[in-house]
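Keep in mind it's a predicted model, so treat the numbers as computed, not measured. Each chain gets a letter, A, B and so on, in the order the sequences are listed, and its residues count up from 1.
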2 protein chains.
Amino acid sequence: MSGGHITIEDVAAAAGVSRQTVTRAMNGMPEISQRTRELVLRTAAELGYRPSRFASNLAARRKVRSIGLVLGSLRNPYYTELAAELLDVVTPRGWQVLMASHEQGDDVALVAALSGQADAIVGYFIGDETDLVAAARGVPLVQVERPATVSGMHAVIVDFDAAIEALLDELRSRGARRFGLIESSMPPEDGRRYRPTRRRRSYERFAGPDSADAVVVAEESIRGGADGLVRLRAKHPDVDTVVVFNDLMAMGAMQQAQLDGVAVPGDLRVVGVDGLSLGAVMSPPLSTLSIDRRALAAEAADIVSTLLDGAEPPPQPSVVRTVLPRPLWRASA
Amino acid sequence: MSGGHITIEDVAAAAGVSRQTVTRAMNGMPEISQRTRELVLRTAAELGYRPSRFASNLAARRKVRSIGLVLGSLRNPYYTELAAELLDVVTPRGWQVLMASHEQGDDVALVAALSGQADAIVGYFIGDETDLVAAARGVPLVQVERPATVSGMHAVIVDFDAAIEALLDELRSRGARRFGLIESSMPPEDGRRYRPTRRRRSYERFAGPDSADAVVVAEESIRGGADGLVRLRAKHPDVDTVVVFNDLMAMGAMQQAQLDGVAVPGDLRVVGVDGLSLGAVMSPPLSTLSIDRRALAAEAADIVSTLLDGAEPPPQPSVVRTVLPRPLWRASA
DNA sequence: AGCGTCACCGTGAACGTTCACGGAGTGAGG
DNA sequence: CCTCACTCCGTGAACGTTCACGGTGACGCT
């Protein structure tokens, strides 16, 4: 007999039984006759009763663990394959995953919203770390591909430096003379200012002085990759080997090359970053710097585990792990 | 001063303040001095206090809505693009999405686990509807691509019949003489028995008597598609047009064709189902029967909305919507 | 001195469910 | 008739947080 909302008490009253009996009926418990069970279920349905999952979880002292996952986009298979790996790691432990993407949205606001529903949040963040930690309201944060600089933030980082150096060396030994880079414009240029990514910085460190500035910034999508390639070739016609920020953009670039009659890898070597399995079905198959998503997910889950199940006083200000990408040579380079 | 678990009361005691003050500190509320806020925050961190989100949501009468999404796999871009669309539809309303896949797992168990955390569950289900509804424990269920036959189950279905008839007609007019189908083996053959999918049944209805049995069943993956094609061509060498269960498998089939020196679309027309944007970067670009994922997601969200925010007595036993696929002609057929 | 204001802090009472009990009724067995 | 067991059902007391309200000092003003 309440205002807007129907509680267990309302159902009990309407059915002429007690709270506990309603619980028994709803949850399929014993100690209830078939007759009353059906009666209760029917009146519950008629009233449109939906149990409060918050009250239920609280009272039952349930220990469900759910972790928030914040991705850059769900339209890039890299992110969703990472999500798949995380799910594989985490589902056997009975954890659940709350998914979100900051494609067009505010990083920090997302974390704030998620913090009420998740026990930990891991993901690709772009916002200010202090803001993020504040928004998290005490729930542990694990960021990927970016080192943690404030307390309360943890990280699993991808060490591009060594990998990209090796990658470029191998490319040189395969005949590469002049490199170019198609870089991502994330975080988007509108509003915020563009900041060079870690991948770009690693590239510039090892590409050699003449190639370090052969960089174009493009949208993080297939179209963006294609667009980036035409701009790169216009500005630096002598580039014979192009490294692309990620595989999705690399696919766009390869398609564009084909459209423009540029032979890959004959006229132009193309190599992406991520290691998408879909790159293998391109023609030619896409060479790529593969990021071990399974390891990434496992490390992230492990950090969360440490943070949540660890000793009473949390271990360190920040716990960080590292993952090493490795080249996956296919025909495109 | 509890057993294993640290509550707000413990923090209050340790800091020498009251519950409410701890709340104020944790949630950044006013009416608290900077000094005590820091004190509380520090002791909370030292104790490893993590507020119970259940108690918090209950007491604050928060109306967070989270909906569970059960997909076949997160490694198939079709599913994740659907997830992306759902997120786009649902995030502006402030809803959150709990993601899961039944790749190797039990359908019904998943719903049971999710039902404690979600206000509604939508997805691709394969289990028995009655079991699913029972496992949902009162939370509304919306299944995709399968009509609802029991009360408590709702559906948004994809009408393949008309679309596949039109598709095959057009293919015939483009010269197709003999069709073949690469069908999915989901639900997996191990344990459960294989059941023909709706897509297969629509195909068999319109492929003509001589093509209705030119069907091979393969795993739902790139490799599966490739494997399916070799088996299909071995058994039915005269097939000149192959319809593939989904785009992912179709990509595998196309790659296999290329490996076997079969020209597409010259020797063999290939057409998939789903409408993946990635199909466009294949060479040749993949023709496909496109499913409008945005509409699908919107309909599902709308059903959930109706169910949850609707009048006290829920509308009908089952509410169902329909989405029409449409052909997307690219070069592969 | 008296009063009001302001900044800070604490105390019942919710929130809606489940758990641990205890109790009523029935029927069988002595 | 008493007892025991068994089935079914109801009543306080949690669960851990937030809300509404009330209180206490300090300070300034008349």
Heavy-atom nearest nucleotide on DNA chain C taken for B:Ala60 and for A:Thr23; more 5' hit belongs to B:Ala60

Whichever of A:Arg24 and A:Pro51 has its nearest DNA chain C nucleotide further upstream toward 5': A:Pro51

Looking only at atom types and distance, does a side-chain atom of A:Arg53 sit under 3.5 Å from a main-chain N or O of A:Pro51, one as donor and one as acceptor? no

Check step by step if salt bridge (charged side-chain N to carboxylate O under 4.0 Å, His left out) holds for A:Glu145 and A:Arg198. CA-CA 8 Å; A:Glu145 279 196 37; A:Arg198 327 208 107 242; over 6 Å; no

Short N-O contact, A:Glu85 and B:Arg75, less than 4.0 angstrom: yes

Touch check for [X], heavy atoms < 4.0 angstrom, all strands: base, sugar-phosphate only, or nothing?
X       : answer
B:Leu58 : base
B:Asn57 : nothing
B:Met26 : nothing
B:Pro30 : nothing

Report the relative orientation of the aromatic rings in B:Phe54 and A:Phe54; use parallel for angles under 30°, tilted for 30 to 60°, perpendicular for over 60°. tilted

Got B:Val304 and B:Val142 here, is their nearest side-chain heavy-atom distance under 4.5 Å? yes

C:dC8, OP1 or OP2 - any side-chain N/O from B:Thr36 closer than 4.0 Å? no

Would you tabulate the side-chain donor-acceptor contacts of residues 63-72 of chain A under 3.5 Å, counting partners in other chains and residues two or more places apart, or write 'none'?
unit_1: A:Lys63; atom_1: NZ; unit_2: B:His5; atom_2: ND1; d: 3.1
unit_1: A:Arg65; atom_1: NH1; unit_2: A:Asp309; atom_2: OD1; d: 2.5
unit_1: A:Arg65; atom_1: NH1; unit_2: A:Asp309; atom_2: OD2; d: 3.4
unit_1: A:Ser66; atom_1: OG; unit_2: A:Gln117; atom_2: O; d: 3.0

Considering only heavy atoms of chain B and a distance under 4.0 Å, specify the first and last nucleotide of DNA chain D in 5' to 3' order that meet this criterion. D:dG16 to D:dA20

Got a donor-acceptor pair under 3.5 Å from the side chain of B:Glu31 to the base of C:dC9? yes

When the nearest nucleotide of DNA chain D is assigned to A:Thr21 and to B:Val22 on a heavy-atom basis, which residue is associated with the more 5' position? A:Thr21

